[in-house]
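Since the structure comes first, as structure tokens, the remarks are kept for the end.
Note that these values count all heavy atoms, side chains included, but never hydrogens, waters or copies made by symmetry.
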Amino acid sequence: MEPTEATLPLFGEEPARPLADRLRPTQLEDVVGQDHLLAPDAPLDRTVARQRLGSAILWGPPGVGKTTVARLLADAGNLAFEPVSAAFSVADLRKVFATARSRRGIGQGTLLFVDEIHRFNRAQRDSFLPYVEDGTVKPDWASARRLSPRGGREGAERGPSGGGGISAIPPRVGGRREA
């Protein structure tokens, strides 16, 4: 549908974004409920400080921020963010890997966010291996189930720490904070 005068925003305002998008943190310091990973001297904080982002598993139920944290890690590491899922064919994955290899050739890295890895078939999983081994991509695996990554890489469990995560909404959202 082509926008009409009636559907265009007034006074140059942007159309309203969904609430979840407006609440989403824009930097790692804004993430709440994940202090065990992101607090000063926590595993991901140390990784970001050293600018040595490696492979990781972000594990937890839907809605705890696995994708958001992965995007923010890519931003913090000056990496391109490439999300993939089991809906991608091997040919689609190869295109993503070729793009990552081109970026690598000009000095930019790629954080590959692999959502729901347990849904990938063997051919899809096998297509990752040469690109992970040669450093073309640094995968950030996200799954609803705990996985044991190959090669003994360390996994980071994602989920609310403490239990009061939802009450700690940043004050920048909505301009006020409820007590």
(message) Between F97 and T110, is the side-chain contact (heavy atoms from CB on, under 4.5 Å) condition met? List the steps.
(response) CA-CA 9 Å; F97 298 141; T110 301; over 6 Å; no

(message) V114 vs F128, test: side-chain contact (heavy atoms from CB on, under 4.5 Å). Steps then yes/no.
(response) CA-CA 10 Å; V114 184; F128 285 79; 3.5 Å; yes

(message) side-chain contact (heavy atoms from CB on, under 4.5 Å) for L72 and V31? Distances and angles first, verdict last.
(response) CA-CA 9 Å; L72 295 174; V31 175; 3.7 Å; yes

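Legend: residues meeting side-chain contact (heavy atoms from CB on, under 4.5 Å) with R50, ordered by chain and number and at least two apart, are R46, T47, R52. The side-chain hydrogen bond (donor to acceptor under 3.5 Å, both in side chains) check on D92 picks up S89, with sequence neighbours excluded. Under the salt bridge (charged side-chain N to carboxylate O under 4.0 Å, His left out) criterion, D21 pairs with R17, R24, not counting sequence neighbours. Every residue two or more places apart in sequence or in another chain that forms a side-chain contact (heavy atoms from CB on, under 4.5 Å) with R125 is listed here: I117, F120, R122. Every residue meeting the salt bridge (charged side-chain N to carboxylate O under 4.0 Å, His left out) condition with R101, not counting sequence neighbours, appears here in chain and number order: D134.
The line from CG of D30 to CG of L23 is 11.5 Å long, rounded to the nearest 0.5 Å. Rounding to the nearest 0.5 Å places CG of L37 at 7.5 Å from CG of L58.
Without hydrogens or angle criteria, K66 side chain to P61 main chain gives a donor-acceptor distance under 3.5 Å. At least one donor-acceptor pair under 3.5 Å links the side chain of S102 to the backbone N or O of A98. The closest donor-acceptor contact from the side chain of Q51 to the backbone of V48 lies under 3.5 Å. With Q124 contributing its side chain and N121 its backbone, the two residues share a donor-acceptor pair below 3.5 Å.
Residue T68 comes nearest to P25 through the heavy atom pair CG2-CD, 3.8 Å, listed as atom of the first residue, atom of the second, then distance. Here the shortest heavy-atom pairing between D45 and P40 reads OD2-CA, 3.5 Å.
The shortest side-chain heavy-atom distance between L44 and L28 does not fall under the 4.5 Å cut-off.
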For residues 75-86, run the donor-acceptor check on the side chains, cut-off 3.5 Å, and write out each pair with its distance to 0.1 Å, sequence neighbours left out.
unit_1 : atom_1 : unit_2 : atom_2 : d
E82    : OE2    : R103   : NH1    : 3.4
E82    : OE2    : R103   : NH2    : 2.8
S85    : OG     : A87    : N      : 3.3

